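Here is how names work: the chains are called A, B, and so on, in the same order as the sequence lines, proteins then strands, and each is numbered from 1. Owing to the predicted nature of the structure, the values given are computational and were not obtained by experimental measurement.
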Number of protein chains: 2
Amino acid sequence: MSKCEQCIIRQLNSIKHLSREELVKMTNCKTSRVVKKGEAIFEEGERLKGIFCIKEGVCKVSKMSENGRNQIISLVTRGDLLGERSLISDEASNLKAVALNDMQVCFIPKEEILKDLSKNPNFTMSVLKDMAQTLKQADNVIVDMAQKTVKQRLAETLLKLLDKFGTNAENTIDIHLSREDIANIIGTATESAIRLLSDFKKKKIIEFKGKDISILDRNELDKIAQGF
Amino acid sequence: MSKCEQCIIRQLNSIKHLSREELVKMTNCKTSRVVKKGEAIFEEGERLKGIFCIKEGVCKVSKMSENGRNQIISLVTRGDLLGERSLISDEASNLKAVALNDMQVCFIPKEEILKDLSKNPNFTMSVLKDMAQTLKQADNVIVDMAQKTVKQRLAETLLKLLDKFGTNAENTIDIHLSREDIANIIGTATESAIRLLSDFKKKKIIEFKGKDISILDRNELDKIAQGF
DNA sequence: CGGTATCTTGATTGGTATCAACTTAAGTGG
DNA sequence: CCACTTAAGTTGATACCAATCAAGATACCG
């Protein structure tokens, strides 16, 4: 079993504030797990027994709306923690997490995390800061959803994806999302997203390589996102 | 100066987890302030030097969108804390808070709160729980904004307002919001909100007493909110 | 009492959802 | 290797919803 003390991923999140001693304990109680593309890490309504630390891969975190459509709330990647909130508020998860590609995640049992939270103020403060940050972003998303058009949101989403995942050898955004996934991020019907993507392509703002998207005119996307 | 130890409001939020000693210190450094209706407690972009504890009254917390419209993110009332997030993430506030009626608020300096956070795990944990809860609600709002129609959102908002503020002697929702405020909560143009309110009135789901709203058929609003 | 803000309604335009049909891509089993 | 199945992507036509502009009504305030 690989040791948390030696894990590089740890440096990327709040776990970096744990002491050597705490890390040793964590190594002893954590379990590793491989999650295949498309597989769920947890379901909406499930009671989580711990949190997940993403070692490799990306997953979409989503929530079902009352009308039966799926809304993707965030994309969680290498170095992120997943499930702290449900654990802290001690409620069933309100979200579902599904792997977008093959993943490696570590599972850390609830008791261990709660113990660390109660004994290590630096750790707690770090989690608190993360959460404050997430909340701020959530506010921004609310404003965008409430006041921007689908076209603006699509442009913005493409830019965010580019910044978060960068580009691969073919110059396409280095994460494969289906058209439906994209629609579920911006909160629209799949056909609408497709139509707008198609518009962007005609205007040479983006192009397709296979199904993947390559951004040609970042500047123009910026303008569209801001409403021109 | 009134004493935090004896303040009833304290029981309503995380401050209840502070020790007697900590409360005495807080009494000595806090300041009280009256905020008139329409006045701002703080502005977007302002660097807060502490947090606010709402003793009396209600304020709207909002954010300007890039297209120049105002989105109300939440309504903060008696017993709530305000400004913890900016303080924790140590950034300028991303939000603006404006009084909806005359308010009494206490201001607690940053240093005092940070000291309590670093020394009292119960307090920190309580703040953390609050924030996890807020984040969960934010997720719900995102889904609603992304996927519900304006009509659904209006119905939902009316129900939430009713639950949060109750009714007064005239059986109207016990908080006065302008039509514009309502529109800014549901994220639509003022005229659209007015039109839909007018529809609801015609269908005898609500009625107006002056400008205030009285809910006649809660059941019907529930149905509309869920998409029928 | 005039001026201003808020509220209200109508007409028009544009954006988005929905339904339906078709294409392409990716398996799967004979 | 081909025929079949299924999922994903694409496009057009239509109808509905909501934003915007314009104009009038009502309440509020100095």
Strictly below 4.0 Å, N to O, side chains only: are [X] and [Y] in salt-bridge contact?
X: Glu56(A); Y: Arg78(A); answer: yes
X: Glu156(B); Y: Lys148(B); answer: yes
X: Asp139(B); Y: Arg85(A); answer: yes
X: Arg153(A); Y: Asp144(A); answer: no
X: Asp181(A); Y: Lys60(A); answer: yes

What's the [atom1]-[atom2] distance between [X] and [N], to the nearest Å?
X: Leu154(A); N: dA17(C); atom1: CG; atom2: C1'; result: 16 Å
X: Lys148(A); N: dG15(C); atom1: NZ; atom2: P; result: 16 Å
X: Ile224(A); N: dG15(C); atom1: CD1; atom2: C1'; result: 15 Å
X: Leu196(A); N: dT16(C); atom1: CG; atom2: C1'; result: 9 Å

| Cation over ring face, Arg179(A) and Phe208(A), 6.0 Å, 45° |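 Yes.
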| query | For the salt bridge (Lys or Arg N to Asp or Glu O under 4.0 Å) test, which of Glu46(A), Glu43(A), Glu44(A) pairs with Lys96(A)? | reply |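 Going through the options one by one, the only one that passes is Glu43(A).
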| Looking at five pairs on each end of the helix from dC1(C)-dG30(D) to dG30(C)-dC1(D), what is the angle between the two axes, given to 10 degrees? |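 About 40°, once rounded to a multiple of 10°.
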| Taking atom types as modelled and ignoring hydrogens, do the side chains of Lys63(A) and Asn140(B) form a donor-acceptor contact shorter than 3.5 angstrom? |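 Yes, because at least one side-chain N or O of Lys63(A) sits under 3.5 Å from a partner of the opposite role on Asn140(B).
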| said: With heavy atoms of chain A within less than 4.0 Å as the criterion, where does contact along DNA chain D begin and end? | reply: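 Range of nucleotides touched by chain A: dG9(D) to dA13(D).
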| said: If you take any heavy atom closer than 4.0 Å to DNA chain D, which residues from residues 58-67 of chain A end up in contact? | reply: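 Those residues whose heavy atoms fall under 4.0 Å from DNA chain D, taken from residues 58-67 of chain A, amount to none.
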| Residue pairs fulfilling ring-ring contact (aromatic ring centres under 6.0 Å, His included) with at least one residue in residues 29-87 of chain B, sequence neighbours excluded |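 As it turns out, the ring-ring contact (aromatic ring centres under 6.0 Å, His included) pairs with a partner in residues 29-87 of chain B, which skip direct neighbours, are Phe42(B)-Phe52(B), Phe52(B)-Phe107(B).
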| task | Mind running salt bridge (Lys or Arg N to Asp or Glu O under 4.0 Å) on Arg218(A) and Glu220(A) for me, showing each step along the way? | result | CA-CA 5 Å; Arg218(A) 205 201 147 103; Glu220(A) 187 60 24; over 6 Å; no
| message | Using a heavy-atom cut-off of 4.0 Å across all strands, would you classify Arg153(B) as base, sugar-phosphate, or nothing? | response |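 No contact.
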| In a check of side-chain contact (heavy atoms from CB on, under 4.5 Å) between Cys59(B) and each of Leu75(B), Asn101(B), Val98(B), Ile41(B), which one passes? |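 So the option named by the test is Ile41(B).
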| remark: Reading nucleotides 7-12 of chain C from 5' to 3' and marking B where a protein heavy atom lies under 4.0 Å of the base, S where only the sugar-phosphate is that close, and - otherwise, the string is SBBBB-
| request: Determine which pairs satisfy side chain to side chain donor-acceptor pair (under 3.5 Å) with at least one residue from residues 127-137 of chain A, sequence neighbours left out, and list them in order. | output: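 Non-adjacent pairs meeting side chain to side chain donor-acceptor pair (under 3.5 Å): Ser14(A)-Asp130(A), Lys136(A)-Glu91(B).
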| field | 4.5 Å side-chain heavy-atom contact, Ile182(A) and Ile213(A) | value |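 Yes, close enough: below the 4.5 Å cut-off.
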